Amino acid sequence: MLPNRMFPQTRLRRLRMQPFVRALVNETTLSVCDLILPVFITAGTNQAVAIASMPGVERLSVDRLLGLCQEICDLGIPAIALFPSIDTSLKTPDGKEAYNAEGLVPYAIEQIKKHYPQLGIIADIALDPYTSHGQDGLIDGHGTILNDETIKALVQQALCCAKAGADIVAPSDMMDGRIGAIRQALEQHGFKSTLILSYAAKYASAFYGPFREAVGSSAHLGKSQKDTYQMNPANSNEALHEVAMDLSEGADIVMVKPGNLYLDILYRIKQSFQVPTFAYQVSGEYAMIMAAIQNGWLTEKAMIESLIALKRAGADGILTYYALEAARWLKNRSI
Ligand code: PBG
C-alpha cells in the first residue's frame, strides 16, 4: 500500500502551494462534456414559467426551448433530458398520452432534431407525468402498481420516443424487467442504435419534491408513495443487483439517482461494473444548494464542488439543472 511517509521529508502542502502545481496534480476534472441539462417542457408558445422551488429553472414551450438549444450547443453541452408538464385534462389512469405520437415530447424531439441534429436527446420513460394518480406505473383498484402491465405501456412510450428521434431512452420507472422488454422492442422495430440509459439505482427519495412540482405530478400523487418500486435509501447491495440485471437486459448506461447523497452507491457501481455510469443531481439537491446560495450562505463554488464530487465518485455523465451555469463557469476558468 502507501509507503511510510513521514514529516518533514514529506510535506503534502508543497503540492498545494502554487496554482500551477495544484493544476498538475489535479486528479478529477469536470468538463462540459460531462454535463446533461434536464429541461421541463410545456405546451403552447412563448411560455417560460418559473418553478418556485428550483431557482433559475423554467418550464419552457418548445419554441422557447429551441432558443435555449442554441445556447446549449454553443456552450458544448452534449445532451439534454426532456421532462414534460402535461395539461391535467390529458392525464388518465392508464397514462396513454405517454405514447401519443402527436404528443408534446415527440413534437419537442422532432423540432430539436430538425434544428440541432448534433444535440443528444434523452427521453424519460415513465408514466408519472401522464397518469391521473401520479404513479410511474399502472395501478389496480387497490392502488397496487402492476409491473408487467406497466412494461407494455413503457415499451410503447419508448418506441414512440425512438420514432420521433430520441437518441437515448431512459426508463426511470423501476419496474422489473422493463429494460429487456424495451431493448427487444427496439431491436424488432429497427432501432438498433437507440441507447438505453437505465435509472438502475433509483431510490425512493424525498429529494424529488421540486421535480414533482415542476412536472405537475405531486398534486396527483397526494400522499401516495413510490416505495414499492423505487429503492429503499438504506440499501446498497441491492443497487448492484439492479445494475447487473439492467446490464444483462441490454442497458448501455446505468444511472444512480439521487447522486450527491448516494456517492457511495455510485462509487460501488463504477468499481464493480466499469460501465458508463451517470449520476442525477436531483431537484431537491439542486434546490438545497441554490437556496443557500440565494441566501448568501454559500457561494456558487458549492455547486461546482457538488458536481466534482459526483465525478470523483465515478460519474461519467451528470444530469444537473446547473449545467448551463456550470458550462459557463468552466469556460471562464483559469488556473
Ligand atoms: C419520475 C422521475 C422523477 C424524477 C425523474 N423522473 C421523480 C420521481 O420518481 O418521482 C426526479 C428528478 C428530480 O428530482 O430532479 N419518473
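One-based numbering, in listed order, for ligands and for the atoms of each. All residue numbers refer to positions in the sequence shown, counting from 1. Computed from a predicted model, the values in this text were never measured in an experiment.
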Enquirer: Would you say Y199 has any N or O atom under 3.5 Å from an N or O of ligand 1, going by distance alone?
Expert: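 No: no nitrogen or oxygen of Y199 is under 3.5 Å from one in ligand 1.
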Enquirer: So does E300 pair up with R328, basic N to acidic O under 4.0 Å?
Expert: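 Salt bridge between E300 and R328, a charged N being under 4.0 Å from a carboxylate O: no.
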Enquirer: Are K257 and F278 in a cation-pi setup, meaning NZ or CZ lies under 6.0 angstrom from the ring centre and within 45 degrees of the ring axis?
Expert: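 Geometry flag: not set, cation outside 6.0 Å or 45°.
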Enquirer: If the condition is ring-ring contact (aromatic ring centres under 6.0 Å, His included), which residues does Y262 pass it with, not counting sequence neighbours?
Expert: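 Listed in chain order: Y203.
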Enquirer: Using a strict 4.0 Å cut-off to heavy atoms of D136, name the atoms of ligand 1 that fall inside it.
Expert: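 Contacts of ligand 1 toward D136, numbered from 1: 1 (C), 16 (N).
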Enquirer: Using distance alone, decide if ligand 1 has a nitrogen or oxygen within less than 3.5 Å of any nitrogen or oxygen in S283.
Expert: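 Between S283 and ligand 1, an N or O pair is found under 3.5 Å apart.
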Enquirer: Please tell me whether Y280 and E285 have a donor and an acceptor in their side chains that are separated by less than 3.5 angstrom.
Expert: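 Absent: no donor and acceptor within the cut-off.
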Enquirer: Could you check atom 6 (N) of ligand 1 against the protein and tell me its nearest heavy-atom contact, residue, atom and distance included?
Expert: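 The closest one turns out to be K257 NZ, 3.2 Å.
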Enquirer: With atoms numbered from 1 as shown, which atoms in ligand 1 lie under 4.0 angstrom from a non-hydrogen atom of Y321?
Expert: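 Answer, ordered by atom number: 12 (C), 13 (C), 15 (O).
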Enquirer: Among D246, D173, D124, exactly one meets side-chain hydrogen bond (donor to acceptor under 3.5 Å, both in side chains) together with Y199. Which residue is that?
Expert: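 Output: one option passes, namely D124.
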Enquirer: If you measure from the Lys or Arg side-chain nitrogens to the Asp or Glu carboxylate oxygens, is any gap between K113 and D167 under 4.0 Å?
Expert: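 Salt bridge present between K113 and D167.
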Enquirer: Report yes or no: does a heavy atom of Q230 sit under 4.0 Å from some atom of ligand 1?
Expert: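 The answer is yes: ligand 1 sits under 4.0 Å from a heavy atom of Q230.
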Enquirer: For residues S283 and M54, report the shortest heavy-atom separation together with the two atoms involved.
Expert: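 Of all heavy-atom pairs spanning S283 and M54, the closest is CB-CE, 3.7 Å.
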Enquirer: Which residue owns the protein heavy atom closest to atom 1 (C) of ligand 1, what's the atom, and how far is it?
Expert: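 Answer for atom 1 (C) of ligand 1: D128 OD2, 2.9 Å.
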Enquirer: Against ligand 1, does D173 come closer than 4.0 Å with any heavy atom?
Expert: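 So D173 does not count as touching ligand 1.
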Enquirer: Under a 4.0 Å heavy-atom limit, does Y280 contact ligand 1 with its side chain, its backbone, both, or neither?
Expert: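 Y280 to ligand 1: side-chain contact only, backbone stays beyond 4.0 Å.
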Enquirer: List ligand 1 atoms under 4.0 Å from K226, heavy atoms only on the residue side.
Expert: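 Close to K226: 8 (C), 9 (O), 10 (O).
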Enquirer: Only heavy atoms of R212, strictly under 4.0 Å: list the atoms of ligand 1 that pass.
Expert: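 Selected atoms, number and element: 8 (C), 10 (O).
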Enquirer: Mark up the atoms of ligand 1 that fall under 4.0 Å of a heavy atom belonging to K202, in ascending order.
Expert: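 This gives 1 (C), 2 (C), 3 (C), 6 (N), 8 (C), 9 (O), 16 (N) as the contact atoms.
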Enquirer: Once you restrict to heavy atoms under 4.0 Å, what part of A126 touches ligand 1? Side chain, backbone, both or neither.
Expert: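 For A126, only side-chain atoms sit under 4.0 Å from ligand 1.
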Enquirer: Write out the residue and atom name of the closest protein heavy atom to atom 12 (C) of ligand 1, then the distance separating them to 0.1 Å.
Expert: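 I find the closest protein heavy atom is F211 CD1, 3.3 Å.
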Enquirer: Report yes if the distance between the aromatic ring centroids of F40 and Y321 is under 6.0 Å, otherwise no.
Expert: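 F40 vs Y321: aromatic centres under 6.0 Å.
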Enquirer: What protein heavy atom lies closest to atom 16 (N) of ligand 1? Include the residue and the distance to one decimal.
Expert: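 Closest protein heavy atom to atom 16 (N) of ligand 1: S172 OG, 2.7 Å.
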Enquirer: So, for K163 and F191, which heavy atoms are closest and what is the spacing to 0.1 Å?
Expert: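 K163 and F191 have their closest heavy atoms at CG-CZ, 3.4 Å.
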Enquirer: Quick one: side chain to side chain donor-acceptor pair (under 3.5 Å) pairs with a partner in residues 38-51, sequence neighbours left out?
Expert: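 Applying side chain to side chain donor-acceptor pair (under 3.5 Å) to every pair that reaches into residues 38-51, excluding sequence neighbours, yields N46-R64.
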